[in-house]
Amino acid sequence: KRVAILISGGGSNMVALVNSMTGDHPGRPVLVASNDPAAGGLAKAAAAGIATAAVDHRTFGKDRAAFEGALLHHIEAANPDVLCLAGFMRVLTPAFVARFEGRMLNIHPSLLPKYPGLHTHQRALDAGDAEAGCTVHEVTAVLDDGPILGQARVPVLPGDTADSLAARVLVQEHRLYPAALRNYLSGNRTPIALP
Ligand code: GRF
């Protein structure tokens, strides 16, 4: 299966996914695209020999549809079967989601349905949660809300800050996303839970 990955920044989740797509893995990376031409992940993808594209969303002002049209041009040229959002920080319109519904995944740094949206780690700390984690889910028109494909849990430790918790969760993101994608591409829809 042809997998395209959308990023906005350093792309550590993209790197984890690409590194997992070897041997008998059912997916292979055909494109890494970003809404930010300066995204550090673009250089990492290019160094790995993967086609890259960047569409600066800021040049489209408030015209989200125009930005997505430009992004879609690059995505369709790569003709992916599956789209993986990995640290992609733009909200996609229902029209865009509809084109990929049922074949678009995202990783979110909380144990959904808790804490959709931003600042997930601070919100978990403020709530006094004993544990936190990350979720891979299918993308639907409702933000951070689609069918859950996998979750990984971490303990919240005394003295944790949003940064220390984020770092602990990120390690699990890099384990969960490759496992959840492999499971998904194999046709399995039973959510996976990483200890
Ligand atoms: C991280 O905070 C991660 O939790 C979330 O997106 C951010 C950047 O990820 N998924 P990446 O390093 O660009 O993959």
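Every number for a ligand or one of its atoms is a count from 1 in the order of the listing. Being a predicted model, the structure only gives us computed values, none of them experimental.
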> Which is it for Ser8 and Asp36 under the side-chain hydrogen bond (donor to acceptor under 3.5 Å, both in side chains) test, yes or no, and what are the steps along the way?
Replying inline: CA-CA 6 Å; Ser8 294; Asp36 181 354; over 6 Å; no
> Atom CD1 of Ile107 and atom NE2 of His174: how far apart are they, to the nearest 0.5 Å?
Replying inline: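 Result: 7.5 Å between the selected atoms.
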> To the nearest 0.5 Å, how far apart are CZ in Arg103 and CG in Leu185?
Replying inline: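 Answer for the CZ-CG pair, Arg103 versus Leu185, is 12.5 Å.
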> Taking side chain as C-beta onward, heavy atoms only, is Phe67 less than 4.5 Å from Lys62?
Replying inline: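 Sidechains of Lys62 and Phe67: no contact.
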Side-chain donor-acceptor distances from residues 83-94 under 3.5 Å, at least two apart:
from, atom 1, to, atom 2, distance (Å)
Arg90, NH1, His57, NE2, 3.4
Thr93, OG1, Glu68, OE1, 2.5
Thr93, OG1, Phe96, N, 3.2

> Any idea which heavy atoms bring Ser12 and Leu170 closest together, and the distance?
Replying inline: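 Scanning both residues completely, I find the closest heavy atoms to be OG-CD1, 3.9 Å.
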> Can you pull the residues with any heavy atom under 4.0 Å from ligand 1?
Replying inline: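 Answer by chain and number: Gly10, Gly11, Ser12, Asn13, Gly87, Ile107, Pro109, Leu170, Glu173.
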